[in-house]
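The figures that follow rest on heavy atoms only: side chains count, while hydrogens, waters and symmetry mates do not.
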Amino acid sequence: MTTVAPYGSWKSPITAEMLISGGKRRLNEVKVDGNDVYWLDARPAEGGRIVIMRRDAEGRIDTLTPPGFNVRNAVHEYGGGSYAVRDGTIYLTNWVDQRIYRQHPDGAIEPLTDAPPIPRGVRFADLSLTANGKFLLCVRETHTDDGNEATNEIVAIDTSTVDAHIVATGRDFYCAPRVAANHDGIVWTEWDHPNMPWDGNSLVSDSFNQNNATVSTTARLIDDTGESVVQPTWSHNGILHFVTDRTGWWNIHIWKDGEPINLLNEQSDYGRPDWQFAFTSYTHLPDGKIALGKGGVTDGSVLIMDTESHHLPHSISVPYSEVSFIAAGPDGATILFVGASPTREPAIVSLDLETETCSTIYAPSDIAIDPGYMSSPKHIIFPTTDDGQAHAFYYEPTNKDFTAPDDELPPLVTICHGGPTSASGTGLDLSTHYWTSRGFAVVDVNYRGSSGYGKAFRDALKGKWGIYDTDDCIAAAQYLIDQGLVDKDRVIIRGGSAGGYTTINALTFHDFFAAGAALYGIADLMVFIGDTHKFESRYLDSLVGPYPEEAQRYHDRSAINFMDQLATPMIILQGLEDEIVPPSQAEIMVEALESKGLPYAYIGFPGEQHGFRQAANIIRAQEAELYFYGKVLGFEPADDISNDVVEVRNLG
């Protein structure tokens with residue numbers, strides 16, 4: 001029998017503690033070495049430490065990274081490509097000092113690169129080994145204390161002498177250096193300010209001597225024409241593959257007879273923005289075919305493609321809506337990938353190509369949640385400003401033990417993702433069900449500018465950041481209000497990073513939302529003029545406009561200049577070691593909220609960077625947000641949340 005209780009007050013078995021494993025455990029960088037499978041596992045319970053794990057040929061699973069090591073790098077601040085492995089020897093980057101270490105098969109670890117002149121001043125990402133194992137290819141980022149911008153280049157580190165040979169230098173950014181296994185080819189991507197890699201970059205091919213790391217005969221195959229190239233690789237028979245958006249969608253191509261050939265001309269994105277290094281959406285199989293992951297709303301597929309015949313691909317359905325970091329299995333008969341779905345937390349999955357069945361080889365936890373507490377996503381397309389349309393995933397309140405009074409509509413949590421050139425998917429994130437199982441509706445918005453919907457949709461935000469993203473979040477909520485699904489007077493907006501910027505703008509420039517949560521959000525765009533890291537230091541040239549030519553736009557889209565219009569309660573959560581959005585952004589919002597006497601709460605988390613990785617902080621942030629909404633919207637959560645989790649000021 002169900003209990004009748006107001007929305008927001010339902011008792012849920014999905015606790016804040018469960019978020020640490022359900023969706024907060026990030027798995028990535030699946031690699032195969034001989035008969036062994038490796039991957040990275042991020043562990044909030046260990047302070048957000050990332051470790052290398054291995055499943056051996058006998059099926060044993062071990063954590064290989066010893067205490068004191070965190071396999072993460074800070075190139076571009078977002079990192080990626082943090083390890084490489086060959087014959088059981090692992091090369092890894094360590095977060096605390098950014099050096100490369102070598103871990104021998106017996107587990108012994110030694111530093112490979114020298115300590116830099118300034119702490120963490122020399123960083124390495126996108127690690128890969130040459131076919132003969134003599135050189136470690138990587139992107140090196142060198143920082144100095146003279147105030148100049150960091151220098152990025154591609155280097156080949158001799159694994160015996162540790163000499164670093166410069167392979168490419170002179171451009172602002174480099175990514176994905178990959179050496180062919182059976183000839184002297186090397187390939188990479190490169191670009192300059194003010195571009196981001198998804199705006200346009202160059203695909204460069206060169207010859208590379210694997211014995212002495214010399215390069216020659218450089219050829220720019222694609223050269224800064226506004227085309228975005230990601231994931232270049234060489235097949236086993238030496239054919240260059242890459243993903244490019246030249247058709248308007250990130251499709252997979254090969255380079256043949258001096259031009260790119262589209263292998264799969266679909267209105268689907270098979271790449272994603274290079275926020276981090278070493279993402280893979282496809283892999284080469286021993287028989288010359290490729291396996292390509294394709295996601296969906298509730299399930300997805302793996303496409304097996306013959307690159308020679310150009311026949312339609314064979315599609316294998318998989319019960320995962322997200323298929324990422326795909327790799328060929330050690331036996332040639334399986335595919336490994338990170339799989340997630342609305343009901344499955346991220347896991348390392350093996351797909352048998354003969355039986356077309358999936359098996360889980362590693363899941364971070366054994367949490368099992370009754371489907372009666374899980375809300376299924378619905379993809380909605382809704383109208384928005386300037387005759388546009390945008391996308392979102394809608395989750396209705398779901399709890400088998402409770403129902404609401406007949407005359408009540410649920411409050412709505414509107415989620416705006418970060419990036420902003422990123423996207424929300426439908427892989428299990430228990431933080432969504434944390435809300436829905438307590439009686440909230442949730443709409444996770446992919447506003448104009450999000451990736452996954454083609455280049456035109458991704459580019460729609462150019463010059464319009466701070467406008468279209470906010471408009472689309474409001475439009476998504478209004479669409480659900482018009483459908484009679486949610487309470488128009490209890491609509492919440494929340495977001496982190498760029499989503500925090502959208503949240504702050506929505507609460508300042510619009511009288512629509514009843515409350516909001518800004519996680520490491522931006523209040524003053526001027527902070528990105530000289531006070532952020534290299535990778536994003538010119539990002540706003542396209543999102544807003546070049547500075548100082550468009551200085552007025554920067555002023556007009558910075559909420560801090562219009563605090564007289566702010567009239568909505570807000571909770572602010574901030575990492576105090578954030579190098580991307582500095583704590584000063586949170587502090588200026590707190591000062592404004594206090595001076596206006598608006599209800600607000602603020603928590604600054606020591607030891608956290610851009611995003612929360614420590615278990616205690618993840619739990620506190622989630623509970624504080626629920627507690628805050630209860631206080632300002634007038635409902636009593638069923639959770640036993642301590643009063644000292646957060647102080648709500650100016651409550652009246």
Side-chain angles (χ1 to χ4, degrees), residues 149 172 192-196 198-200 226 384-388 390 416-422 445 447-450 456-475 493 495-513 516 518 520-568 570 572 578 580-593 595-596 598:
E149 193 173 61
D172 288 330
D192 290 325
H193 287 312
N195 275 1
M196 301 299 284
W198 47 86
D199 294 326
T384 186
T385 55
D386 292 344
D387 297 320
C416 40
H417 65 72
T421 312
S422 186
V445 183
Y447 45 79
R448 284 169 288 183
S450 303
F457 190 84
R458 195 171 73 239
D459 286 349
L461 196 62
K462 289 187 174 181
K464 296 291 187 178
W465 192 40
I467 299 176
Y468 278 178
D469 48 317
T470 306
D471 289 351
D472 293 356
C473 287
I474 293 172
I493 185 169
S497 190
Y501 170 69
T502 301
T503 295
I504 292 169
N505 278 358
L507 299 181
T508 302
F509 297 120
H510 301 271
D511 183 19
F512 183 85
F513 295 99
Y520 36 94
I522 305 161
D524 185 359
L525 292 180
M526 290 303 296
V527 74
F528 276 85
I529 308 299
D531 191 25
T532 191
H533 61 120
K534 178 184 178 181
F535 182 61
E536 292 184 84
S537 63
R538 299 287 300 278
Y539 192 12
L540 299 195
D541 281 34
S542 63
L543 289 175
V544 180
Y547 188 88
E549 293 89 337
E550 299 294 347
Q552 190 62 45
R553 283 189 191 176
Y554 285 74
H555 175 274
D556 293 347
R557 297 186 198 174
S558 295
I560 194 60
N561 299 317
F562 301 90
M563 287 292 97
D564 59 308
Q565 299 180 35
L566 181 64
T568 307
M570 187 187 311
I572 298 172
D578 195 335
I580 298 171
V581 177
S584 59
Q585 291 288 285
E587 292 160 4
I588 57 179
M589 286 303 301
V590 168
E591 182 180 345
L593 289 160
S595 65
K596 296 200 70 174
L598 289 171

Problem set entry | Closest approach of Tyr447 to Cys473 (non-hydrogen atoms, all atoms of both residues) | CD2-SG, 4.4 Å
Exercise. Looking only at heavy atoms, what is the nearest atom pair of Ala559 and Phe509, with distance?
Worked result: CA-CZ, 3.9 Å
Say you draw a straight line from [atom1] of [X] to [atom2] of [Y]; how long is it, rounded to the nearest 0.5 Å?
{"X": "Asp459", "Y": "Ser542", "atom1": "CG", "atom2": "OG", "answer": "8.5 Å"}
{"X": "Ile467", "Y": "Leu461", "atom1": "CD1", "atom2": "CG", "answer": "9.5 Å"}
{"X": "Arg458", "Y": "Trp198", "atom1": "CZ", "atom2": "CH2", "answer": "9.5 Å"}
{"X": "Met570", "Y": "Phe513", "atom1": "CE", "atom2": "CZ", "answer": "11.5 Å"}

With a 4.5 Å limit on heavy-atom distance, are the side chains of [X] and [Y] in contact?
{"X": "Gln585", "Y": "Tyr520", "value": "no"}
{"X": "Thr470", "Y": "His510", "value": "yes"}
{"X": "Thr568", "Y": "Phe512", "value": "no"}
{"X": "Glu587", "Y": "Pro583", "value": "yes"}
{"X": "Tyr539", "Y": "Val544", "value": "no"}
{"X": "Ser450", "Y": "His417", "value": "yes"}

With sequence neighbours excluded, what pairs up with [X] under the side chain to side chain contact (heavy atoms under 4.5 Å, CB included) test?
{"X": "Asp564", "value": "Phe562"}
{"X": "Thr384", "value": "Arg448, Asp471, Asp472, Ala475"}
{"X": "Ile580", "value": "Glu77, Tyr78, His533, Glu536, Asp578, His610"}
{"X": "Ala592", "value": "Met563"}

All salt bridge (charged side-chain N to carboxylate O under 4.0 Å, His left out) counterparts of [X], not counting sequence neighbours:
{"X": "Glu550", "result": "Arg553"}
{"X": "Asp192", "result": "Arg171"}
{"X": "Asp541", "result": "Arg538"}
{"X": "Asp199", "result": "Lys462"}

Applying side chain to side chain donor-acceptor pair (under 3.5 Å), name anything that partners [X], two or more places apart in sequence or on another chain.
{"X": "Tyr554", "answer": "none"}
{"X": "Glu549", "answer": "none"}
{"X": "His193", "answer": "Glu149"}

Quick check: does any side chain N or O of [X] sit under 3.5 Å from a backbone N or O of [Y], one acting as donor and the other as acceptor?
{"X": "Ser497", "Y": "Gly418", "answer": "no"}
{"X": "Lys464", "Y": "Leu543", "answer": "no"}
{"X": "Asp524", "Y": "Ile560", "answer": "no"}

For this session: Give the C-alpha distance, both sets of side-chain angles, the deciding distance and a yes or no for side-chain contact (heavy atoms from CB on, under 4.5 Å) between Leu525 and His555.
Result: CA-CA 8 Å; Leu525 292 180; His555 175 274; over 6 Å; no
For this session: Take Asp172 and Asn195 through the side-chain contact (heavy atoms from CB on, under 4.5 Å) test and state the conclusion after the steps.
Result: CA-CA 10 Å; Asp172 288 330; Asn195 275 1; over 6 Å; no
For this session: Using the side-chain contact (heavy atoms from CB on, under 4.5 Å) rule, take Thr385 and Tyr468 through it: C-alpha gap first, then chi angles, then the decisive distance, then the call.
Result: CA-CA 8 Å; Thr385 55; Tyr468 278 178; 4.1 Å; yes
Review item, side-chain donor-acceptor pairs of residues 499-507, under 3.5 Å, at least two apart:
from, atom 1, to, atom 2, distance (Å)
Tyr501, OH, Asn505, ND2, 3.2
Tyr501, OH, Arg557, O, 2.8
Thr502, OG1, Asp469, OD2, 2.5
Thr502, OG1, Ala498, O, 3.2
Thr503, OG1, Gly495, N, 3.2
Thr503, OG1, Gly499, O, 2.9

